Amino acid sequence: MSQAATAGRSGAGRFLMGHLRNIAPLLTLLFLIAIFALLSPSFLTVGNVGNILRQISITAIIATGLTFVILCAEIDLSIAAIANAAGIVVAFFTLQEAYVNIANLPLPGGLAIICGLLACFALGVVNAIGVTRIGIPSFIMTLAMMQIAAGISAMLIRGQIAYNVPDLVRVLGSGSVLGMPWIVLIAILFLLVGHIVLTYTRYGRYVYMVGGNREAAELSGVNVRWVIGTALVISAVCSGVAGMLGVAYFGSAQQNEFDDYLLDGIAAVVVGGTSLFGGRGGIPNTIIGLFVLGVLNNGLDHIDIDSFLKVLIRGLILLMALIINVYAQRLRDVHPAG
Amino acid sequence: MMASAPPPLLEMRAVAKSFGGVHALKGVDFALQRGEIHALVGENGAGKSTLMKIIAGVHHDYEGTLALAGVPTRFRSPRDALASGIGMVHQELSIIPDLSVAENVFLGSQPVGRLGLVAWRQMAAEAKEHLAGFGLDLDPKMPAGELPIGLQQLVELARVLFSGARIVILDEPTSALSPPEIERLFAVLRQLKAQGTSFVFISHFLEDVLAIADRITVFRNGNLVATAAAAETDKKWLIERMIGAGHEELEATYSEAIVLASETESAPVLTVRGLTIPGACADLSFAVHPGEVLGIYGFMGSGQLELARALFGKLPLAAGEILIDGQPVRLRNTTDAKRAGIAYVAESRRRMLFPEQPVYRNLSIAMLEKIGKVWLRPARERQIAEGHIKTLGIRPPSVEALLRNLSGGNQQKVALGKWLTERPRLLVLAEPTRGMDVGAKDDVLKIVHDLRDQGIAILLVSTEPETVLAMANRVLVLRKGRIVQEFANQTIGKDHLLGAA
């Protein structure tokens with residue numbers, strides 16, 4: 001970091017290049033805010049900022065866990081499916097209206113929540129065992145888990161829509177306190193705890209070191225399998241919590257409810273600048289990435305364009321972020337002093 | 001004017017390069033003639049690898065000029081340099097083990113038939129012919145990974161030449177080779193030289209340099225100190241130029257015969273019984289006592305690196321047991337090994353360290369749980385790191401410096417230092433001085449002897465007889481995974497080790 005101070009203009013350029021990973025997402029965010037503020041008078045209002053916060057909250061909870069996994073240089077493709085499964089499990093153990101034609105098992109609300117948490121925890125443990133004990137690449141293992149969790153969801157909900165969830169879940173998912181939606185507060189809590197764990201605990205350091213050089217971590221006596229396995233469990237539990245609250249947020253539990261969150265979750269982490277190769281980035285990056293996605297999704301609804309074009313625009317912005325992500329890595333590798 | 005001699009094949013003038021304010025090369029003139037083997041020697045950080053990387057097109061933002069056969073050029077990438085006929089064989093080979101010998105020779109330029117498909121038969125035949133030109137009779141269809149390292153190196157050399165290189169940079173080509181393999185390499189180099197290929201030969205092994213080079217250039221602190229015909233110099237002259245005068249006794253430490261102690265009576269820290277690792281070594285039994293360095297010597301591929309890894313829980317055992325202080329230990333992973341009081345410094349620093357992280361994090365990683373069970377304590381980490389930097393003499397003396405900005409010798413000190421906060425019972429060192437200059441070797445030697453004198457049991461595995469002789473109290477010689485000889489309580493020299501292995 002001292003290079004910028006000592007080496008003048010070229011040094012400043014190199015400083016910018018070295019921090020492209022952090023600066024580019026922030027500039028993207030400011031650029032998007034400026035564009036949408038110019039194009040739509042309703043975009044930059046207090047009410048709409050509240051909308052954006054609510055809209056990114058579920059993604060934020062999922063992305064918190066996923067950040068751990070990506071920092072370890074692994075990937076979790078089962079986040080959305082596990083979220084869906086946990087949401088359906090909690091509904092399955094809640095008394096539904098008579099017209100909801102599923103053979104569910106009503107339990108007290110607290111127990112239903114515990115069942116939902118256990119379900120996502122167990123699926124995370126299966127991911128962890130598959131990746132660290134059996135040695136299946138996380139990409140394939142979590143792809144299989146995506147199907148398994150979707151299958152569990154399908155078996156339990158049988159094409160129906162369940163509306164009831166325990167009161168606690170309902171309040172946290174769709175209620176407010178002092179005008180602030182609970183789900184936003186919970187997202188902030190998850191991000192905050194995630195940041196504290198990654199930055200200030202021994203486990204967090206291990207996550208970065210394992211992502212930075214897995215073999216060196218192992219040769220330093222770090223239990224690499226345990227670190228990666230735990231990250232996968234954390235990711236599954238975060239997804240499960242997001243899924244349960246999401247059911248209340250959407251007002252119902254049904255199949256394929258969370259499918260968009262797979263791409264959104266991964267995009268938030270990567271757009272924010274956390275390295276796909278592991279070891280660099282963190283929750284602050286994820287927060288920026290969440291806002292980039294949130295502003296983009298929300299802003300495109302505020303301006304008058306072809307709704308089919310929106311999907312393409314989103315795709316192009318994501319591609320740009322990926323290019324920057326990989327390019328930032330390459331700059332690091334080419335300029336050893338950067 | 002008189003007719004001038006033809007310009008050198010490669011000529012560099014006033015070449016300078018700095019990294020973030022550190023001057024790696026300070027205005028160097030260098031020339032390579034056609035059909036010449038030109039050796040570069042110097043301590044680590046003297047500038048020879050920077051020069052090499054400029055020639056190979058890795059660094060392109062340097063000052064000064066580079067001319068090929070009199071034509072000024074500036075390479076923008078290694079590919080660019082290769083297109084101009086400059087190839088490189090790295091110390092760590094880039095052979096792809098699962099591909100066949102022929103595919104490795106033709107990597108990136110497979111001959112294709114009419115339909116654009118790979119012409120396998122033609123490729124195999126050409127590869128065989130090409131390698132026969134080196135005096136090698138290899139099956140072009142066998143996986144390259146099954147060849148011994150010396151042959152893999154020649155396959156890589158064949159690939160570089162085949163892609164059109166007229167100038168080949170060899171980075172430490174002999175460091176992993178046994179004497180007969182070195183002889184074979186040199187025979188190939190002489191033959192290629194006679195055919196007009198030029199070589200830049202970078203090595204720490206001065207005997208090898210003197211045996212093969214036509215001219216030798218010495219670097220020190222980013223300056224070109226001297227260039228001389230190999231026939232007119234000797235090892236002493238080179239060492240004086242490399243490290244400045246007055247350090248001859250230092251080199252002597254590494255080449256003189258030494259007196260070995262006998263096995264002590266004290267209870268051993270490590271006892272190994274009947275240890276067998278599939279594909280590496282069989283039925284090894286030995287013991288290491290406190291305050292003793294047990295050297296394990298063998299040529300590359302004798303199973304000694306696998307033995308070191310297995311002792312740190314990185315490789316599973318097929319048979320045998322490991323006892324620490326007389327208690328059998330089960331090492332399922334490296335964490336088990338660390339808890340049993342075993343520390344391990346791997347043969348490759350790249351595999352041991354975190355280049356993108358500051359020095360203090362590299363030093364603290366192996367003992368974070370001792371600093372704080374749950375929470376990190378960065379202030380304490382830095383304080384401990386300061387202590388290591390002082391006692392080990394790590395340069396630059398900054399806990400925040402990124403590890404990759406340190407020289408090889410200093411990185412090795414960090415790799416050692418991370419185990420020293422909590423004194424281990426057993427320290428396993430694999431090739432602790434590989435690729436290091438004389439000064440850095442001496443530093444590592446002193447640290448190892450210090451640790452030994454503090455009562456730590458040390459197991460040293462190495463393919464460098466000098467290192468084993470300089471550090472060990474007792475020596476076991478491994479050949480093809482078996483202990484063939486033990487040297488204790490006698491005077492031995494390099495010739496004894498080479499003879500036994």
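This is a predicted model, so every value here is computed, not measured.
- Of all heavy-atom pairs spanning P355(B) and N213(A), the tightest one is CD-ND2, 4.5 Å.
- Within a 6.0 Å sphere centred on CZ of R425(B), heavy atoms belonging to other residues, nucleotides or ligands number 12 at most.
- In terms of heavy atoms, N333(B) sits closest to N223(A) at ND2-ND2, 3.7 Å.
- Proximity to chain A is limited to the side chain of S364(B), based on heavy atoms less than 4.5 angstrom apart.
- Looking at every heavy atom in both residues, K373(B) comes nearest to R202(A) through O-NE, 2.7 Å.
- At a threshold of 4.5 Å between non-hydrogen side-chain atoms, the residues E215(A) and K314(B) count as touching.
- Counting all heavy atoms, side chain and backbone alike, F354(B) lies closest to S220(A) at CE1-OG, 4.3 Å.
- To the nearest 0.5 Å, atom CZ of residue R205(A) and atom CZ of residue R361(B) are 4.0 Å apart.
- Interatomic distance, CD of Q357(B) versus CZ of R280(A), reported as 8.5 Å (0.5 Å rounding).
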N/O donor to acceptor pairs below 3.5 angstrom from side-chain atoms of residues 75-82 of chain B, sequence neighbours left out:
unit_1 : atom_1 : unit_2 : atom_2 : d
S77(B) : OG     : R79(B) : N      : 3.4
S77(B) : OG     : D80(B) : N      : 3.1
D80(B) : OD2    : R76(B) : N      : 2.9

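- Applying the side-chain hydrogen bond (donor to acceptor under 3.5 Å, both in side chains) test to residues at least two apart or on different chains, the pairs with a partner in residues 65-75 of chain A are T67(A)-T286(A), E74(A)-S138(A), E74(A)-R214(A).
- For I365(B), the parts lying under 4.5 angstrom from a heavy atom of chain A are both the backbone and the side chain.
- Interface summary for chain A: among E381(B), R339(B), E400(B), the most heavy-atom pairs under 4.5 angstrom belong to E381(B).
- When every heavy atom of T335(B) is checked against every heavy atom of G221(A), the shortest pair comes out as OG1-O, 3.1 Å.
- When all heavy atoms are compared, the tightest approach of Y344(B) to L219(A) is CE2-CD2, 3.6 Å.
- Heavy-atom contacts from other residues, nucleotides or ligands closer than 6.0 Å to OH of Y200(A) number 12 or fewer.
- Looking at A337(B), there are no atoms closer than 4.5 Å to chain A (heavy atoms on both sides), in backbone or side chain.
- Neither the backbone nor the side chain of R309(B) comes within less than 4.5 Å of any heavy atom of chain A.
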Apply side-chain contact (heavy atoms from CB on, under 4.5 Å) to the pair L368(B) and Y206(A), showing each step before the final yes or no. CA-CA 9 Å; L368(B) 276 180; Y206(A) 286 159; 3.6 Å; yes

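- Side-chain atoms of T201(A) never come within 3.5 Å of backbone atoms of W375(B) as a donor-acceptor pair (strictly under, hydrogens ignored).
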